[in-house]
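Sharing a structure with you now.
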Number of protein chains: 2
Amino acid sequence: MAASRTPAGSVTIQDVAREAGVSRAAVSKVIRNAYGVSPAMRERVNAAIKKLGYRPSVSARGMRGATYTLGIELPEFANSFFTRLIAGATTAVADSPYQLVIAPADQTHQEGYRAIQALVDRQVDGVIAVSPMVESAWLEEIAASTPVVMLGRHDASDRYDTVVNDDAAGARLAMRHLLELGHRDIAHLTSIPEKAVIDPGVPQVIRLETYRAAMEEAGLGSRMRVVGVGVGEAAAHRAALAMLGDPEPPTAVFASHDEPALGVLRAVADAGLTTGDVSVVGYDDIEIAGHPGISLTTVNQDGERLGALAARLLLERIAGRTEPRHEVIEPELVVRSSTRPPRPSATSARLRALGDR
Amino acid sequence: MAASRTPAGSVTIQDVAREAGVSRAAVSKVIRNAYGVSPAMRERVNAAIKKLGYRPSVSARGMRGATYTLGIELPEFANSFFTRLIAGATTAVADSPYQLVIAPADQTHQEGYRAIQALVDRQVDGVIAVSPMVESAWLEEIAASTPVVMLGRHDASDRYDTVVNDDAAGARLAMRHLLELGHRDIAHLTSIPEKAVIDPGVPQVIRLETYRAAMEEAGLGSRMRVVGVGVGEAAAHRAALAMLGDPEPPTAVFASHDEPALGVLRAVADAGLTTGDVSVVGYDDIEIAGHPGISLTTVNQDGERLGALAARLLLERIAGRTEPRHEVIEPELVVRSSTRPPRPSATSARLRALGDR
DNA sequence: CACAACTTGTAGACCGATCTACAAGAGGAG
DNA sequence: CTCCTCTTGTAGATCGGTCTACAAGTTGTG
């Protein structure tokens, strides 16, 4: 009952060959721009292709040659930073014969593996992956047969390429900004779940370590406060509300990403406070951060540039490059109105009152 | 020099057959859960599969059978409504053997065709598409060989399924809300570009027509004001700024999507006004709309539900259903603080002054 | 005990491309 | 004119699965 998968309309290379009066091999040569084709034959074949509306089967191609498909594994779509990557990659491959295909991976731990494997199973010619959580050894195994570019990984393997922004530098910018404004009670809200075991080299970990180092350097080691929430705005909102209810709440929060930073902003508003009371810094510079209603100070890592660069590296690998490349992009601090100098006395009094009730 | 595409590690069905001491056909049966397999053989084969780490090649499978791949064509990632669809579809196929794969299509006109075609070329078992712009006739041709579910299309074909929200009802909710607040000068900002020729049946068109009808019904036909901007927040921002500079600016703006509504909000802030001066209503209820800094009144069309429903319909089609199904989801108005009663005298005076300078 | 019906596994064609090896013909050199 | 090289096109193996047809064995029935 199910419709036939190859209906009458489906035209194969054989049909084109018959129409043009040549062999299958000849048609194959023409569509691949291979050597050994006379202009006359090329023309006849192209005419036949056009006339019949022929489209090569990617599956059949994949069995021997290339699929002209690049796979991107993405762990999250809610965070618009990730979607910027796609925009960058899309434009980078726009006038290549390659088609981009995205495999969504849920936040859960195993999903990164599943999605990348699914792409490899589908014979993509190369993979760009954004899961910082998968093991390096496993990736190297994949990379042995399929070119791989990893985004946001600081562990430099010589089997795959990496593109990262300098998370240490970015986090330093954020912390210096808060310290220069005069903040001393600076909390860090990280997307690393409490008590999770995680590779070092993951952006969040580097941002966390940089926070710690900056606090120590400033002689504020005793005032460090790190809250590990998972992924998502909602979790950050809850954690921030709890934090603001503390007897001694922080005067500034540095969040590991913009998304949780939005949650903090929401919590600040919910608590009847403003960013004059509690400064907030994010990381990513997602689109909405610049909106006047949000106006979040954050660290910009140019997502489109990262995505485009990753795509270019992947194309180079496919073209034959084997020496690894590891690109680092410099982040920039974007100061908006979510960060202000602290109001020491008034604020702490007011917040203490809030904590008491 | 390029790495071999099928390295030493690549294990085929033949290897598994040898390891288990059975035929290729037997292994094939086991992995497809086909009839005619004894428990003993199943066990041996599964053990061999596990031992060798065998993964079936999707390309090879695609040549005869299924690829267990569902394709989603998406025109936009910046708009988080679209990404919600993915979340819904992902959960809907989570415990099916199918893998979701997304093909990005740029905003430009031809891109929808290109992306859908790319998916079909890759032998996906079914397609969910969100491009309202592609021609129905072309889609029906595609649908003849590959099951298709269209999102956000009101033209009910009997060759493919559709899932839409009731755009007319949603737009009516928005308009009624503004009218009940007392607004009379209501402008409509639509993502339809000026002077574009577009299928009726496209959500934006239906929202536009509903706006017109509501204005006429309320006796405000002469006060209709429609501005066609393209896609994107920035374009809406520019258009809104121009509109607010008018001698007689509107007291409320109904935008065809949340994204341009954000642009209007930004323009309102830039002009030194608030939503007390100019009310704004969007459509989609994207995540950020609920944030206190934005607090946009909008029409919620449950993206996740739409996506999940589309995926379910697609799975049904793949399973053999041939009668078309056309699902309509009822939207809901979400009132937040971006809509307030108009301030007739003060506002117009102030705005007029603004227009004069 | 003969024959039917069912179960279990295999052989081999097939899907639609790519790609190697080679044949036929054209042009050039000596 | 012969031999060599280069160009142009073809035949046919090959990729890794699926699936049909069938053989062999097992169980049931009258």
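Scope of the values below: all heavy atoms of this structure, side chains included, with no hydrogens, waters or symmetry mates. Lettering follows sequence order; numbering is per chain, from 1.
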Exercise for the section: May I have the distance from Leu52(B) (atom CG) to dG16(D) (atom P), rounded to whole angstrom? Expected result: 14 Å

Exercise for the section: Using a cut-off of strictly less than 4.0 Å, decide whether Ser28(A) has a side-chain nitrogen or oxygen near OP1 or OP2 of dT18(C). Expected result: yes

Exercise for the section: Check the distance between dA13(D)'s P and Met63(A)'s CE and give it to me in whole angstrom. Expected result: 16 Å

Handout entry: Arg114(A) versus Gln99(B), side-chain donor and acceptor atoms under 3.5 Å
Key = yes

Problem - Rounded interatomic separation in angstrom, taking CG from Asn33(B) and P from dG17(D) - result: 17 Å

Exercise for the section: Check whether any side-chain heavy atom of Arg312(A) sits under 4.5 Å from a side-chain heavy atom of Val93(A), and report yes or no. Expected result: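 They are not in contact (no side-chain heavy atoms under 4.5 Å apart), so the answer is no.
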
Handout entry: Nucleotide dA17(C), atom P - distance to CD of Gln123(A) in whole Å
Key = 16 Å

Exercise for the section: Would you mind reporting whether Trp138(B) and Ile142(B) have side-chain heavy atoms less than 4.5 Å apart? Expected result: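 Sidechains of Trp138(B) and Ile142(B): in contact.
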
Exercise for the section: Specify the angle, to 10°, made by the local axes at the two ends of the helix from dC1(C)-dG30(D) to dG30(C)-dC1(D) when five pairs are taken at each end. Expected result: 50°

Handout entry: N or O in side chain of Ser38(A) less than 4.0 angstrom from dG9(D) OP1/OP2
Key =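 True: Ser38(A) side-chain N/O within range (under 4.0 Å) of dG9(D) OP1/OP2.
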
Problem - Passing candidate, side-chain contact (heavy atoms from CB on, under 4.5 Å) with Leu85(B), options Thr90(B), Leu151(B), Leu309(B) - result: Leu151(B)

Exercise for the section: Could you check how far CZ of Arg18(A) sits from P of dG16(C), rounded to whole Å? Expected result: 12 Å

Practice task
Remember a base hit wins even if backbone is also touched, and classify Val58(A) as base, sugar-phosphate or nothing at under 4.0 Å, heavy atoms.
Solution key: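 No contact at all - Val58(A) keeps every heavy atom at 4.0 Å or more from the nucleic acid.
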
Practice task
Give a yes or no on whether a donor-acceptor pair under 3.5 Å exists between the nucleobase atoms of dT18(D), that is its base, and the side chain of Arg24(B).
Solution key: yes

Exercise for the section: Name the orientation class of the two ring planes belonging to Phe77(A) and Phe77(B) (parallel below 30°, tilted from 30 to 60°, perpendicular beyond 60°). Expected result: parallel

Handout entry: DNA chain C: 5'-proximal contact among Ala60(B) and Gly21(B) (nearest heavy atom)
Key =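 Closest to the 5' end, via its nearest nucleotide, is Gly21(B).
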
Exercise for the section: Provide, to the nearest angstrom, the distance between the CD atom belonging to Gln14(B) and the C1' atom belonging to dT18(D). Expected result: 14 Å

Per-pair distances, 0.1 Å, donor-acceptor, side chain in residues 34-47 of chain A, under 3.5 Å, sequence neighbours excluded:
residue  : atom : partner  : partner atom : Å
Ser38(A) : OG   : Met41(A) : N            : 3.2
Arg44(A) : NH1  : Ala20(A) : O            : 3.1
Asn46(A) : ND2  : Arg42(A) : O            : 3.3

Problem - Interatomic distance where OH belongs to Tyr35(B) and P belongs to dT20(D) [whole Å] - result: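 In whole Å, dT20(D) P and Tyr35(B) OH are 15 Å from each other.
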
Practice task
Could you check Val27(B) against Pro39(A) and say which one's nearest nucleotide on DNA chain D is further toward the 5' end?
Solution key: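 By nearest-heavy-atom nucleotide position, the 5'-most residue is Pro39(A).
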
Problem - Salt bridge present between Glu323(B) and Arg321(B) (N-O < 4.0 angstrom) - result: no

Exercise for the section: Please determine if a side-chain N or O atom of Arg32(A) lies less than 4.0 Å away from the OP1 or OP2 oxygen of dC19(C). Expected result: yes

Practice task
Identify which nucleotide among dG12(D), dG12(C), dG16(D) has an atom closest to any side-chain atom of Ala25(A), counting heavy atoms from C-beta outward.
Solution key: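 Of dG12(D), dG12(C), dG16(D), dG12(D) is nearest to the side chain of Ala25(A).
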
Exercise for the section: Check whether any side-chain heavy atom of Leu70(B) lies under 4.5 Å from a side-chain heavy atom of Ile128(B), and answer yes or no. Expected result: no

Exercise for the section: Examine the base of dG16(C) for any acceptor or donor lying under 3.5 Å from a partner atom in the side chain of Arg61(A), and report the outcome as yes or no. Expected result: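 Per atom types, no contact qualifies.
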
Practice task
Look at the side-chain N and O atoms of Arg64(A) and state whether any lies under 4.0 Å from the OP1 or OP2 oxygen of dA17(C).
Solution key: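 No, because none of the side-chain N or O atoms of Arg64(A) sits under 4.0 Å from OP1 or OP2 of dA17(C).
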
Handout entry: Arg325(B) and Asp161(B) ion-paired at < 4.0 Å
Key = no

Handout entry: Between dT18(C) (C1') and Asp125(A) (CG): distance, integer Å
Key = 14 Å

Exercise for the section: May I ask you to evaluate whether Ser23(A) reaches the phosphate of dT10(D), defined as a side-chain N or O under 4.0 Å from OP1 or OP2? Expected result: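 Yes, Ser23(A) has a side-chain N/O under 4.0 Å of OP1/OP2 on dT10(D).
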
Could you list, one pair per line, each protein nitrogen or oxygen that sits under 3.5 Å from a nitrogen or oxygen of nucleotides 24-26 of chain D, together with the distance?
none

Practice task
Answer whether the closest heavy-atom distance between the side chains of Tyr68(A) and Asp121(B) falls below 4.5 Å.
Solution key: no

Handout entry: Phosphate contact (dG17(D) OP1 or OP2) by Tyr54(B) side-chain N/O below 4.0 Å
Key =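 Yes, within the criterion.
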
